[in-house]
Amino acid sequence: MRKPFIAGNWKMHKTRSEAKELAGELVKQLKGVDQRVMIAPPFTALAEVGSVLADSSIVLGAQNMAVAEEGAHTGEVSPAMLKDCGVSIVILGHSERRHVYGETDELIHQKLLLALKHELEVILCLGETLDEREAGRAEEVVRRQLKSGLDDVDTDGLRRVTIAYEPVWAIGTGKTASPEDADQIHRMIRQEIARLYGDKAAENMLIQYGGSVKPNNIADLMAKENIDGALVGGASLKTETFVPIVNFNK
Ligand code: 13P
């Protein structure tokens, strides 16, 4: 049985004081929920939010990580620095990192290996663009990103990976993939995991959906067999929208 995992990616939103306030409210309002919940504030608010979450069940995520342990990497943040702020999960390969900042499959793969080496969990984001979908290449693109991201990862490492399928055309656009379309890609991902790691690993693999997840579409998405959670952007910035998403089954 896979436990639902709802994550909020705050992207480049919230100053330290705003982040602290939202995190504090979430701790209060989500006390005792069954779902696994993560929030990923911007780097500048990680330490602050980390202390707010310290005695709660909400876990602290980071939105990105350097591909190196330390050194001359202006503007980058290392795995040890993230852990020092209380981070236990890092989002890697988000479409904004891939498409706006030019991160390649290989770079994301190297980051993933480094994160696992430092005992961080990873949310590995995959997803096709609109052009790729319209050309009938969605599955091929997602399969390529998956295989490349997980190259050299053994079954032990895989246990610390969550996959997030986020079709690029659905992010921040208000267009959600239909639950059926999303589930089809999720099923393909699970089959690919079964082929690479066996049935047991595939059964345990958590696969989140991301892209315009809102309180009014979460229940239909979560009702699908292969959708185990959500990676939420815009709707994670307010308790009024994030709390009902976490409580989708109430
Ligand atoms: P939206 O929920 O704003 O579409 O963003 C999704 C996303 O990119 C989460 O990582």
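All residue numbers in this chain count up from 1 along the given sequence. Fair warning: this is a prediction, and the values are worked out from it, not measured in the lab. Atoms within a ligand are numbered from 1 in the order they appear, just like the ligands themselves.
- Nearest non-hydrogen protein atom to atom 5 (O) of ligand 1 is K11 NZ, 3.3 Å.
- In this structure, R160 places its CZ atom where more than 12 heavy-atom neighbours from other residues, nucleotides or ligands lie under 6.0 Å away.
- E21 CD: 12 or fewer foreign heavy atoms inside a 6.0 Å radius.
- Contacts between L231 and ligand 1 below 4.0 angstrom, taking non-hydrogen atoms only, involve backbone and side chain alike.
- Atoms of ligand 1 found under 4.0 Å from any heavy atom of A170, numbered from 1 in the order shown, are 4 (O).
- In terms of protein heavy-atom proximity, atom 4 (O) of ligand 1 is nearest to G172 N, 2.6 Å.
- Within the model, atoms CG of L126 and CD of E166 stand 9.0 Å from one another, a figure rounded to the nearest 0.5 Å.
- For C125, no heavy-atom contact with ligand 1 is shorter than 4.0 Å.
- Within a 6.0 Å sphere centred on CG of N249, other residues, nucleotides and ligands contribute more than 12 heavy atoms.
- Below 4.0 Å from some heavy atom of N9 lie the following atoms of ligand 1, by number and element: 9 (C), 10 (O).
- Using cut-offs of 30° and 60° on the angle between ring planes, the pair H186 and Y165 is perpendicular.
- Each of the following atoms of ligand 1 lies closer than 4.0 Å to a heavy atom of G211: 4 (O), 6 (C).
- Between F5 and D228 the shortest side-chain heavy-atom distance does not fall below 4.5 Å.
- Side-chain N or O atoms of E25 include none that pairs as donor or acceptor with a backbone N or O of L22 at under 3.5 Å.
- Ligand 1 has S212 within reach: a non-hydrogen atom of the residue lies less than 4.0 Å from it.
- Regarding atom 9 (C) of ligand 1, its nearest protein heavy-atom neighbour is E166 OE2, 2.9 Å.
- Around NZ of K20, the count of heavy atoms belonging to other residues, nucleotides or ligands within 6.0 Å does not exceed 12.
- One option in E96, Q208, K175, H94 has a heavy atom closer to atom 8 (O) of ligand 1 than any other, and that option is H94.
- Distances between N or O atoms of G234 and those of ligand 1 include at least one value under 3.5 Å.
- Here the protein heavy atom with the shortest distance to atom 2 (O) of ligand 1 is G233 N, 2.9 Å.
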